[in-house]
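Worksheet for the structure shown next.
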Amino acid sequence: MPEGHTIHRLAADHQRMFGGLAVAATSPQGRFAEGARRLDGRVLADADAHGKHLLLGFDDELTLHVHLGIYGRFGFGALPAPDPVGLVRLRLVGGEHFADLRGPNTCEVLEPGEVKLLRDRLGPDPLRADADPELAWRRISRARTPIAVLLMDQSVVAGPGNIYRAEVLFRQGIDPRLPGRRLSAGQWAAIWDDLVLLMAEGVRVGRIDTVRPEHTPEAMGRPPRVDDHGGEVYVYRRAGLPCLVCGTPVAAAEVASRNLFWCPGCQPSPV
DNA sequence: ATGTAATGGGGAT
DNA sequence: TCCCCCTTACATA
């Protein structure tokens, strides 16, 4: 499920299964019938991801733009494709595989100019080689907004979601309520470098693991605990449980209508 | 059977 | 700040 690492994996999956092939596109659900018709039979030239946005570039310069939101998901399988089950917004069929898309926030066909507009409103993506963390720092270093909110703003940084933002702030020992302008350049560099590390690992293993070797269940002689999302984390959704490092109960608050988790012991307020 | 939360984001107010 | 969209999975009754 979808933070940036998931979308980059999906881009790689599409490239591997459909890259260079003429792809049949349909919308069994019907809600994307016209878009599917525009794409049907075109060759997938380039599958790319920027933050949480999947961009499938077809020949004739049309791009399929998919944003999963919270609920959207892709399912893949080998041909022959079975009859669609449930609400399949888009089905792609290539040489040996099919892909079913359900519940996306966005599924649309974009012209080149529209793709540029989309990319221009996204901040640097820690998973992209062309990312420039300085662009994010220009925003952060002037903002009164809490760093936890800035890290969820896709125009500041593209890709991290609620898990990565909580976990990277924990790992760097930074109070999530600290205004952006009160971060040091060194702290931002550390956050960025850690995001690059964590998210690349997330792409590799397909889940979010943020617990360092010295704090794993084996290293600490505690029972293993994996979050519903499938990975092992320090603070995300661990409200009230003892911090894995210092034992302080993990704090939680709703910030900008999202749940935020942090350890008051390891991420002290600098005030 | 019903309720609710969830890794997201856009738009109105 | 609230409201709305999209869908599923788990909890509670």
Side-chain angles (χ1 to χ4, degrees), chain A residues 1-11 27-33 35 49-55 64-75 84-91 99-108 110 114 117-123 125-127 144-146 148-171 176 194-195 198-211 225-240 250 252-262:
Chain A
M1 293 184 207
E3 293 195 24
H5 68 302
T6 303
I7 313 309
H8 280 260
R9 270 178 79 89
L10 286 171
S27 179
Q29 176 199 40
R31 283 187 56 170
F32 188 56
H50 191 142
K52 298 166 187 162
H53 299 259
L54 178 66
L55 297 165
L64 174 64
H65 170 219
V66 174
H67 192 294
L68 294 178
I70 292 186
Y71 320 109
R73 61 196 316 172
F74 270 101
V85 176
L87 300 173
V88 176
R89 183 82 57 89
L90 169 67
R91 169 172 280 185
D100 282 352
L101 170 63
R102 298 162 205 275
N105 188 346
T106 302
C107 177
E108 61 185 356
L110 298 183
E114 296 172 309
L117 283 176
L118 168 65
R119 300 190 94 122
D120 285 350
R121 67 177 174 78
L122 295 174
D125 175 351
L127 289 171
R144 276 181 255 267
T145 314
V149 175
L150 292 165
L151 285 179
M152 291 282 286
D153 182 338
Q154 301 295 299
S155 70
V156 176
V157 193
N162 206 12
I163 304 180
Y164 280 122
R165 70 115 174 230
E167 294 296 308
V168 77
L169 290 172
F170 175 88
R171 283 167 55 102
D194 211 20
L195 285 172
L198 289 172
M199 295 183 74
E201 177 73 359
V203 173
R204 214 171 56 71
V205 303
R207 62 177 201 224
I208 301 178
D209 285 313
T210 61
V211 176
R225 182 190 180 284
V226 173
D227 186 81
D228 291 342
H229 82 276
E232 191 155 22
V233 292
Y234 283 106
V235 292
Y236 176 70
R237 278 206 301 220
R238 293 193 70 247
V250 171
E254 189 166 308
V255 176
S257 73
R258 304 301 301 276
N259 293 320
L260 172 65
F261 305 90
W262 76 101

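No experiment lies behind these values; they were computed from the predicted model shown. Below, chain A is the first sequence line, B the second, and so on; all start at residue 1.
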Could you give the [atom1]-to-[atom2] distance, from [X] to [N], as a whole number of Å?
{"X": "A/L117", "N": "B/dG10", "atom1": "CG", "atom2": "P", "value": "13 Å"}
{"X": "A/Y236", "N": "B/dA5", "atom1": "OH", "atom2": "C1'", "value": "9 Å"}
{"X": "A/F261", "N": "B/dA5", "atom1": "CZ", "atom2": "P", "value": "12 Å"}
{"X": "A/N162", "N": "B/dT7", "atom1": "CG", "atom2": "P", "value": "5 Å"}
{"X": "A/I70", "N": "B/dG8", "atom1": "CD1", "atom2": "C1'", "value": "5 Å"}
{"X": "A/R102", "N": "B/dA6", "atom1": "CZ", "atom2": "C1'", "value": "18 Å"}
{"X": "A/M152", "N": "B/dG10", "atom1": "CE", "atom2": "P", "value": "12 Å"}
{"X": "A/H67", "N": "C/dC5", "atom1": "NE2", "atom2": "C1'", "value": "13 Å"}

Is the phosphate of [N] approached by [X] (side-chain N or O, under 4.0 Å from OP1 or OP2)?
{"X": "A/Y164", "N": "B/dT7", "answer": "no"}
{"X": "A/N259", "N": "B/dA6", "answer": "yes"}
{"X": "A/K52", "N": "B/dT7", "answer": "no"}
{"X": "A/Q29", "N": "C/dT7", "answer": "yes"}

When you measure from the side chain of [X], which nucleotide among [options] comes out closest?
{"X": "A/R258", "options": "B/dG8, C/dT7, B/dA6", "result": "B/dG8"}
{"X": "A/R89", "options": "B/dG8, C/dT8, C/dT7", "result": "C/dT7"}
{"X": "A/R121", "options": "B/dG10, B/dA6, C/dT7", "result": "B/dG10"}
{"X": "A/R73", "options": "C/dT8, B/dG9, B/dT7", "result": "C/dT8"}

When rounded to the nearest 0.5 angstrom, what is the spacing between [atom1] in [X] and [atom2] in [Y]?
{"X": "A/H5", "Y": "A/R207", "atom1": "NE2", "atom2": "CZ", "result": "10.0 Å"}
{"X": "A/R171", "Y": "A/T210", "atom1": "CZ", "atom2": "OG1", "result": "6.5 Å"}
{"X": "A/L64", "Y": "A/T106", "atom1": "CG", "atom2": "OG1", "result": "10.5 Å"}

Where the side chain of A/R238 meets the backbone of A/Y234, is there a donor-acceptor pair that is under 3.5 Å apart?
yes
Does A/G231 offer a backbone N or O that forms a donor-acceptor pair with the side chain of A/D209 under 3.5 Å?
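Between the backbone of A/G231 and the side chain of A/D209 there is no qualifying donor-acceptor contact (under 3.5 Å).
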Counterpart residues, salt bridge (charged side-chain N to carboxylate O under 4.0 Å, His left out), relative to A/R121 (two or more places apart)
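Once residues adjacent in sequence are excluded, A/R121 has no partner under the salt bridge (charged side-chain N to carboxylate O under 4.0 Å, His left out) criterion.
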Of all residues at least two apart in sequence or in a different chain, which pass the salt bridge (charged side-chain N to carboxylate O under 4.0 Å, His left out) check with A/E114?
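Expected list: none.
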Where DNA chain C forms stems, i.e. three or more consecutive Watson-Crick or G-U pairs with both distances under 3.5 Å
B:1-6 with C:7-12, B:8-12 with C:1-5
Would you indicate whether the side-chain heavy atoms of A/L54 and A/H65 approach each other to under 4.5 Å?
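They are not in contact (no side-chain heavy atoms under 4.5 Å apart), so the answer is no.
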Between B/dG10 and C/dT8, how many Å separate the two C1' atoms, rounded to a whole number?
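After rounding to an integer number of Å, I get 22 Å for this pair.
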B/dA5 versus C/dA13 - spacing of their P atoms, nearest Å
14 Å
Quick one: label A/R237 by what it contacts on the DNA or RNA (base, sugar-phosphate, nothing), any heavy atom closer than 4.0 Å.
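Base, at least one base heavy atom under 4.0 Å.
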